[in-house]
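Worksheet for the structure shown next.
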Amino acid sequence: MRRIGVFVCHCGTNIAGTVDVKNVAETLGKEPAVVYATDYPYMCSEAGQNIIKDAIKEYKLDGVVVCSCSPRMHEATFRKAVGAAGLNPYMLEVANIREQCSWIHKDIKEGTEKAIILGRAAIAKVQLNAPLIAGESPVTKRALVIGGGIAGIQTALDIAEAGYPVDIVEKEPTIGGKMTQIDKTFPTLDCSSCILTPKMVECAQNDKITIYSYSEVEAITGFVGNFSVKIRRKARYVDEDKCTGCGACTEKCPVKNIPDAYNLGLSNRHAAYIPFAQAIPNVAVLDAEHCIKLTKGKCGLCSKVCSAGAIDYEQKETFVEEKYGAIVAATGYNPINIDGYDEFAYSQSKDVLTSLEFERILKADGPTEGHLQRLSDGKQPKTLVFVQCVGSRESGSTHGNGCGKEYCSKICCMYTAKHAMLCREKYPDTDVYVFYIDVRTPGKNYDEFYRRAVEQYGVHYIKGMVGKVAPQADGTLEVQASDLLSNEQLHIKADMVVLAAAIEADKSARPLATMLTASMDTNDFFTEAHAKLRPVESPTAGVFLSGVCQGPKDIPETVAQAGAAASKVIGLLAKDKLSCNPCVAHSDELKCNGCSSCENVCPYGAITYLEKEFRGPNRTTLIRRVASVNEAVCQGCGACTVACPSGAMDLKGFATGQIMAEVDAICK
């Protein structure tokens, strides 16, 4: 029988406020095999760890149970303490009596009883634990950034600055993302392109950075330090090495009625196009769906005018396979589809716009060349109404069309204040109204920025909701709204209405998360490993998060998180080897029936099958097909143990016998 020590933590009042920790220690001290039990206010502190180390040596402990907070928080800390005392780190078990006990109970008697039960389960398991030795695996010193917006660009630049090669995969023909479509940035009102373009150029010129534009990640296998990624490069029908970006093909292309995605469909482009003037790479693309040559075999005018001979109608998509030590998700966001908000007449009037569409009107390279004018008749609007929180902060019953999001999109209050200020600054004769639920301006100089809109620029902020926008026969828009502070119903005759649409995670995020085996929340944002302590790391080792893929944020916060993600990647790539998780699967070859169930469910490709000889009845030789686990690749997820119909697959450190021992201890 083992000699087990039990150490119960007060965690200040986090645990002790709902659990009688001294009673827990005394009760668990009477369990079979427990030779020492004690409690301490902060077991994770240096003094608390020293108590564990001293007890291991004094009482010759060969098993340790710590009753404290989540093992996600402190299991590594306690394992190091146990290892420093000469005991195998995997002879430790952590009973989570904070998150699983004290935090969810209010009655001290009930909380104490449950803490004792969880402690007994940990004692039962540690009696069956076996010493495990962590292996090592090499680190591929190359990083992959998926997404080429400002988050991906900043992450790549910071990694490259540290001397490590990094690849950017961007699904659009150019890097830059949403920031390329924005006119000015708050709270300084400086030019968005003036900030972003130098970084885009720096990416293109950095010899450590490879840009795979117009490309998508097709498949990801492997594990931290050793990912294998297959990248699909879509056919541009233009040779990137030959194209000079002169634009001759885009000027002569006869097909010119295609909605321009860069201008959100507010203008048209040619079938041969360069997304915008500062595009990186500055290479043309042929739209395969609309190009006459590619669809009907006729025309070919772009090839005739291309002096560089870059047009290649026979070009096919290609695949690149590369290995990476770390992967950064920077997939960005999109405004939600607001077609379901019929009360705002978005689908009925050209003069009802989303905020991003309004950005395109304000920007010099937009459909109106930066002039504020109505899309219906080209006239300058005299009265503008901005509607906040369209699709944000909605419960399931608020709107009922399924379009809205429960969360706050975070950036809308600030960019609406920016839009209002720009309108009043350039066109002082305009009247600007903003209807809001609450004004949220957390950030340096943000509240001052909002107050400038009200106090200096005279923007009319009205706390209330817009109930309906109705197009009128004279081309104006009647806005029906409520003023909650004065308790009045308002009718405003507006020339233009701008809707602050909620933002959501890009549609590419969920399939990418599936390939990465990364966690996501119900809104398709990537989930961080710990909201406070590991905000840029995914629970999947080696996968990091940058920008809005993790949740709504503005440009400064995005850039800050990009730098944080880069620093984590650099820390990983700086290592030559990583310690492998010893809690890996193993196969009992005598039970294995060779069915391949485990191989089919393994997300890491760690299981293969071998033909092995076995001694059969009457000393005959049998050849059987059995599963073999590559322990360097296995990440201990346990999927194979669940799928195995014969019970041949088991997980070291979490064997079926150990789990059942815990269940028996809980149920007795």
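Predicted, not measured: the structure shown is a model, and the values here were computed from it.
To the nearest 0.5 Å, atoms NZ (Lys652) and CD1 (Ile133) are separated by 10.5 Å. Summarising the geometry, atom CD1 belonging to Ile175 is positioned 4.0 Å from atom CD1 belonging to Ile211; distances are rounded to the nearest 0.5 Å. Interatomic distance, CZ of Arg98 versus CH2 of Trp103, reported as 3.5 Å (0.5 Å rounding). Interatomic distance, Thr416 OG1 to Tyr436 OH, rounded to the nearest 0.5 Å: 13.0 Å. Going from atom OH of Tyr42 over to atom SG of Cys11 covers 7.0 Å, rounded to the nearest 0.5 Å.
Remark: Lys553 is not positioned above the aromatic ring of Tyr333, lacking an NZ or CZ atom under 6.0 angstrom from the ring centre and at most 45 degrees off the axis.
Remark: Glu75 pairs with Arg79 by the salt bridge (charged side-chain N to carboxylate O under 4.0 Å, His left out) rule, at least two apart or across chains. Not counting sequence neighbours, the partners of Ser193 by the side-chain hydrogen bond (donor to acceptor under 3.5 Å, both in side chains) test are Lys363. Scanning for ring pair (Phe, Tyr, Trp, His ring centres under 6.0 Å) contacts around Phe358 gives Phe386, His419, with sequence neighbours left out. Partners of Thr180 according to the side-chain hydrogen bond (donor to acceptor under 3.5 Å, both in side chains) rule, which considers only residues two or more places apart in sequence or in another chain, do not exist here.
Panel note: side chain Thr140, backbone Arg142; no donor-acceptor pair is recorded below 3.5 Å. Under the 3.5 Å distance criterion, the side-chain polar atoms of Ser355 are matched with a main-chain donor or acceptor of Leu499. In this structure, the side chain of Arg269 does not engage the main chain of Asn263 through any donor-acceptor pair within 3.5 Å. For Asp506 (side chain) and Ser508 (main-chain N/O), a donor-acceptor pair under 3.5 Å exists by modelled atom type. No donor-acceptor distance shorter than 3.5 angstrom exists from the side chain of Ser546 to the backbone of Gly152, with no hydrogens or angles considered. Between the side chain of Ser102 and the main chain of Asn14, a donor-acceptor pair closer than 3.5 Å is present. Without hydrogens or angle criteria, Glu317 side chain to Ala235 main chain gives no donor-acceptor distance under 3.5 Å.
Residue pairs meeting the salt bridge (Lys or Arg N to Asp or Glu O under 4.0 Å) criterion with at least one partner in residues 186-207, sequence neighbours excluded, are absent. Within the structure, salt bridge (Lys or Arg N to Asp or Glu O under 4.0 Å) contacts touching residues 147-157 (residues at least two apart or in different chains) do not occur.
The closest side-chain donor-acceptor pair between Tyr446 and Asp554 falls under 3.5 angstrom. A donor atom on one side chain and an acceptor atom on the other are not found under 3.5 Å apart for Glu240 and Tyr214. Judged by distance alone, the side chains of Ser392 and Ser409 do bring a donor and an acceptor atom under 3.5 Å apart.
Between Glu136 and Lys575 there is no salt bridge, since no side-chain nitrogen of the basic residue lies less than 4.0 Å from a carboxylate oxygen of the acidic one. Ionic pairing of Arg232 and Glu216 is present here: one or more N-O contacts between side-chain nitrogen and carboxylate oxygen are shorter than 4.0 angstrom.
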Can Asp365 and Arg360 be said to form a salt bridge (Lys or Arg N to Asp or Glu O under 4.0 Å), step by step?
CA-CA 8 Å; Asp365 67 348; Arg360 298 308 306 138; 3.0 Å; yes

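Asn96 places a side-chain heavy atom less than 4.5 Å from the side chain of Pro71.
You'll find the ring centres of Tyr262 and Tyr273 outside the 6.0 Å limit.
Looking at Val390, Leu264, Thr354, Leu356 one by one, the single match for side-chain contact (heavy atoms from CB on, under 4.5 Å) with Pro335 turns out to be Leu356.
The aromatic rings of Phe449 and Phe186 sit tilted relative to each other, their planes meeting at an angle between 30° and 60°.
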